[in-house]
Structure formats: structure tokens, C-alpha cells
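Worksheet: one structure, shown below.
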Amino acid sequence: MIKLASIFCIALVVEVGVARGEIPINSGSIQRESEQFIPNAEVSLRSDIQYLASEELRGRSVADDTIDVAADYISGRMSGVGLDTTMIDGTAFQPVSIPIAVQAGEASQNYVKFEFASNDASNAELDQQKSNIIAADLDRDMMPMTVGSATGDVQAPLAFVGYGITAPEFQYDDYAGIDVSGHVVIVLRKEPQASDPDGRFNGVKHTRHAFFATKMQQAMKRGAVAVIFVSDAESTRREVQQIQTRIDGELSRKKRLNDQLQTLPTEAINTRAALLDKIATIDSIVGGMEIKRSAAQSGVMEISTAGSPAKGKNIPAISVSRTLISDLLQQTANNTQARTLVEFESDIDSTFTPQSQILDGVTASVSVSIEPSSRVSNNVIGVLEGRGNLADETVIVGAHYDHVGMGGVGSLAPGTIAIHNGADDNASGTAAMLAAAANIKTKLADVTDHRRVMFIAFTGEERGLLGSKFYVRNPRFPLENTVAMINLDMVGRLRDNELTVYGTGSANTMDDIVERANASLADNGGAFSLFKVPTGYGPSDHQSFYEVGVPVLFYFTGLHNDYHRPSDDFGKIDFGGLTRITDIVTESCRLIAISPDRPRYVETEKKFKMRWQKTAVLGVSLSDTENEWGTPMVFVSALKPGGPAINAGIREGDQLVQIGKDRVQRSGDVLSSLRGKRPGEKLEIRVLRDGNVIVIPVNLAERD
């Protein structure tokens, strides 16, 4: 499900895992054959989710090649249950172009050169013996940055302006007494004394002056024509570690694949070839990551590190390696003490005095080219053809199969590079769709008049419903003959038997269809306690269809605090509940498929609120950071008005150190401490405020 734009309040979630005595099905090799699946709903649900949420698929990001592996798997499963998977030019795949991010253009258009003028004609012969140009090459020494949207060439004198900060409230101004109009400026990342808890700029927490956008605004305000950003040593260390973690993960995956190779029988030729192909892909990925690691070690930041540019006028921005900038500073004519970059930083931090200066005799030539980037990912389509008088009309059952990969775009675990497995979001919906396909095929086998049922696994949902939006613009069968769309997104975490259904007011018959389908479960595991929401709008793929006049139903078990985090994993899926949800979806689809009269579209309110599971909340937003020694810390970054935390006296800026008996170092520790708690329970929370530990009793409340 796409990320919701709302303040995140820490919530309790009761986890439903594998039933006692049951052994999870091993995901095994990435190569799976459809005939291996037993036609039993719960078995197939377990197998499908464990595979789609496996480490091998790395979170199914549309920016990762494993999204294609997932698509192949789903296509094979559709074929295995008897669907026609040849509807799109003889295949199951409808290609969708997904904007990923921007990327650097050609190396010939991305560079920076620093040229030194000769200061002494008598030393011309000596000048000719040494290079008077320092050049930064793309990837290795420099990278354009998206915070500066301007592209093209700039040639101008150079200035060093420290942290590029003007902060009257802290009596600090890097631009005091220096005119940088018409200059390229070198700007340090973060703020003075950033690693000092007692630093004048709010200690280890950043003020707005540390933001790249603020630094860009200050530079443009003073007439600079381009900005060269230089990363700090601590951020450099952290980014190298993050890349190394990704490399280690890929190498671990390669080892598992090599281990599988060793156990294959000689006759498994196709499986062996597939595994070798995946190993070669991993080698390619690792090679690229090693290049990134080398660049990160020198302090070169990623193209999107600084975020997107502000609206309006902008100037080019680039990141240049710490090593190269240090060499440059040591060679400048007016730097008589030949200070290195580290010495400049140390002098500013120790004295809280700007060290800005025009670098006399140095001209910077900056060239920046940034291009949009996209990749093709596929909607996966399988069809059960209709019969008789209703055969030309279509019912769609859909679920998105992409997720947020290793983090970054869409993740609610900021700064975390780890596999976001997406077991509930939305391996659960994809698996339920596949299980429903098998059930529906059986239930309609002897029906003489029924509509076509099309099953679609959508790509690009996490990037803004892109797969479903593409389909409604390019439908395989006419939308005017598409009578309904049933969407499954996050259906694996049933709690208190409460199932939420959106779209019950999207057509004249939808409420009745849901009630009848639910009643059919009375003798088969029991009916659900339904929470019905009339609107056909909402942040998932059904909205794309509803906006073009197709009635919808959206089945959903609620948001939880593993949503868009690495902790959304297989062991937390309630397979008993998911099997019953598959049953109600099957019956809903059957009723729509066989009804002589199609549902009549009804317009509903656009207002909607995504439901959380019934939870106890603390009512805080959290920020993860580290101190100068790399020790993780968690700060309260925002408080919900009227929430338990603010009522108890917790303040924004407090560092959480302990909840009950549990030590807190990361936001995940807070989530873990709250699990198993109920509204009304009292917790003792220890916070660090102004150097003092304060014990605050908090009464948890129920989420609104």
C-alpha cells in the first residue's frame, strides 16, 4: 500500500504468527515449478507468501531486478491454476514504464575542474613542471545532486564558505565579510560542532541550517553560481557502512545459491542454469556496489542524498570527494598554512569562528547533466474466460505485488538499509488473489452464464498506483464492459475477526454482495465482523478503477506498526484468517460474475481515512540518530495533540532511553516494548532531558 501522508503515532500490534506445531514451508530455490503446488488454499497461501516475502526477492522494489523474478513466479502460478496467461502479445505481461529517479547524464557532461593561475612569472618554468589543474571525474570524485535542478556549464572563481550558514540566533555567519557573488562556493555538510552533544547548534540534533536546501538558498541569496557540497567524515563512514551492509547481503545470498547448486541432481539442467544466471546477476550488483563504496569512502554523495530542488530559480549543485577538496585547499595561494580539509573543519568547530575565504587564483569549471530515469516493470495478467450471455463482460480481481525493496522511497524506517519483505504488504493480497483464482475456477466450472474474470498482479502501486493507472488507460478488455474490480491489499493480519471492506457504496448492489458473501462463511469458519466503508476512493489500486467509473470492493485488515518496515515478515501472517478472507473474496467474485444485472456505479465521497487495527498508542513520532561514537539514539520528534505522551509530560526533543524494563536505542525498540500492551495500561518511560534522566508514567490510550 502506498505511503500515507500523516503523522505516525507509535501503535501496539498483536502479532499472529505460525500456529503452534506447524512447520513453515521452506521457500527453497528461487526457481519454483507450478506443478509443485498442492491445490489447498492454506498450503498455497503459505507457500506463496513465504516465497514472495523471502530474502531472495529483496522486498520486490520496482527498481530492483527481483521484481521481474516475482512477476515470472506469479505468471507461473496463474498458469498452474488454469488461467490463460497469453492475453498480452502471447504473454501474461503488460509492460509499464516506472519513473525511478533521476540519474547522472554522460560523463562528458558531468565534471568539475579547478585551474590554478600562476602567481609568479619567474616561476613559469616550475609551473609547467607540475599540473595546474585538479579534475574530478564522475562517480569516482564527483556526482551531480538533485537539490540543484539547473544543468549546464559554469566557469567562475572559487570560494570556500565553511558550512554555508547564516544563523543570527546562534551568532554565526559563514558569509560575513566575504562577497561570493559570481563565485562557485564550497560548502561543508551539516553544522559546526555537529558531533558535540553540547554544540551551540542544538548538539547532535540538526537545526534547519543543516539542511541542504537551506544552504542552497543562502548561496543563491548571495549570488553564487554553483555549489560544491563536501560530506562530513561521520556521514561518510555511515554511508560506507550502509553500502557494505548491502554488499554483505548480496554475498550471503550468493552463498545460499551456491549451496543450492551443490545439492542439485545432475539432471536439473534448467534449474542449474537459472541459479547460475542469478549468481551472475549478484556478481554484477556487487561490482556496481563496490564502485559506489569506493566513491562513498572518498565522501562522494549519491545523486539524491540532498533531496529534490525547491521550486523556482536554482543553480547547479554537485558533491566532490573530501580527498580532492582537501588537496585543493592545501594548494590555494592564500592558504599560507596549507591546511587540510580536516584542519579547516577542526578550526571552525573548536573556535566557532568562520574560516571562509576567496580562493585567489583558482577558477572552477562545473558541468552538470541530470536525466530522468525509468525502468519497465510488468502487470501480470491471467484470465478465466466467461460463458454464455455474460461472457463479454469482465470482473477484475487485483492485488499489487511490488513493495519498497531495501528501504528508501516509501520506507517508514528512515535511514534503514534492510530488506522490507512486505509479507502483509502485499504478498498477502497477491497470494489471496492466486488462491481465489483456483477457487473461482472450480466454482464456475459448471456455470453456463458467467462473466470473464481477470486476475491482475499490479506493479508500481508503491510509486503511486502506476500499474493500475496504466491498465485503465490501456485495458485488455473494454472498461465499459468491466462491471467491477475487487482489490486485495494488506489482508494478512486479521485481528479481533474484524475485516474492513471499502467500496460498499460504490454501486447499488455492493453492500448486499458483501453481506451475502459474508453470510456464506457462517458454516465454514464463521462470518467476519465487517467494518464497511462506502467510499470507492483510497490509496490502493481499486481507486484507479473507481475514478473511471468501475464499481469496486477493497478488502483490508488494517494498518499496523510493521507497515513499510523490515519487520513486516512471514511469521506475523494469520493464515487462518487469510484463508477465510480468500473465501469471502471468492464468493463476492462469484456473485458478481453470475448476476444477470451488473452493479450500477454510484459516486461516493472522496474523503477517506485508512483504518488502523485496534491498538494502544503512545502518540509520538520518533527520530533515529547516532552520537559521535556511533551509539544509536531515539528522540521524540513530534507529539500527537491530546495523546498519552503529551498528556504525561513527554516533550519534543526528549531522548527515550527506557520503556518499562526495556532499553531503547532505536525506534524499533519502542515498537517492541509496546507489543502486548493494551489501552489503559500504565508504563514508566525514562527520558533524557537537558542531561537529566526523568521517569514519566504514561497511560496508553486507544487509537482514534
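We use all heavy atoms of the structure for the numbers below, so side chains are in, but hydrogens, waters and symmetry mates are not.
Of the charged side-chain nitrogens involved, none lies within less than 4.0 Å of a carboxylate oxygen, so that K190 and E234 do not count as a salt-bridged pair. A salt bridge does not link R651 to D654: none of the charged nitrogens lies less than 4.0 Å from a carboxylate oxygen. Look at E191 and K215 and you find no salt bridge, because none of the NZ, NE, NH1 or NH2 atoms lies under 4.0 Å from a carboxylate O. Salt-bridge formation is detected for the pair D64/R58: a Lys NZ or Arg NE/NH1/NH2 atom is positioned less than 4.0 Å from an Asp or Glu carboxylate oxygen. Between D65 and R375 there is a salt bridge, since at least one side-chain N of the basic residue sits less than 4.0 Å from a carboxylate O of the acidic one.
The minimum heavy-atom distance between D141 and A135, with the atom names listed, is OD2-O, 4.1 Å. The minimum heavy-atom distance linking P99 with L466 is given by the pair CD-CD1, 3.8 Å.
Judged by distance alone, the side chains of E106 and N110 never bring a donor and an acceptor atom under 3.5 Å apart. Checked by atom type, the side-chain pair H560/D568 shows no donor-acceptor distance below 3.5 Å. H209 and E169 share a donor-acceptor pair across their side chains, judged by distance under 3.5 Å alone.
With contacts defined as side-chain heavy-atom distances shorter than 4.5 Å, the pair T363/F114 does not qualify.
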Inset, instruction - May I have the step-by-step check of side-chain hydrogen bond (donor to acceptor under 3.5 Å, both in side chains) for S235 and D232, ending in yes or no? - result: CA-CA 6 Å; S235 296; D232 61 290; 2.7 Å; yes

Inset, instruction - Evaluate side-chain contact (heavy atoms from CB on, under 4.5 Å) for E239 paired with Q297, printing each intermediate quantity in order. - result: CA-CA 8 Å; E239 286 164 14; Q297 286 169 337; over 6 Å; no

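The aromatic rings of F229 and F212 sit perpendicular, their planes meeting at an angle over 60°, well past the 30° parallel limit. Taking the six-membered ring for Trp and thresholds of 30 and 60 degrees, F352 and Y172 have ring planes inclined between 30 and 60 degrees apart.
For K113 and Y111, the positive end sits near the middle of the six-membered ring, less than 6.0 Å away and at most 45° from its axis.
Surrounding CZ of R689 are more than 12 heavy atoms belonging to other residues, nucleotides or ligands, all under 6.0 Å away.
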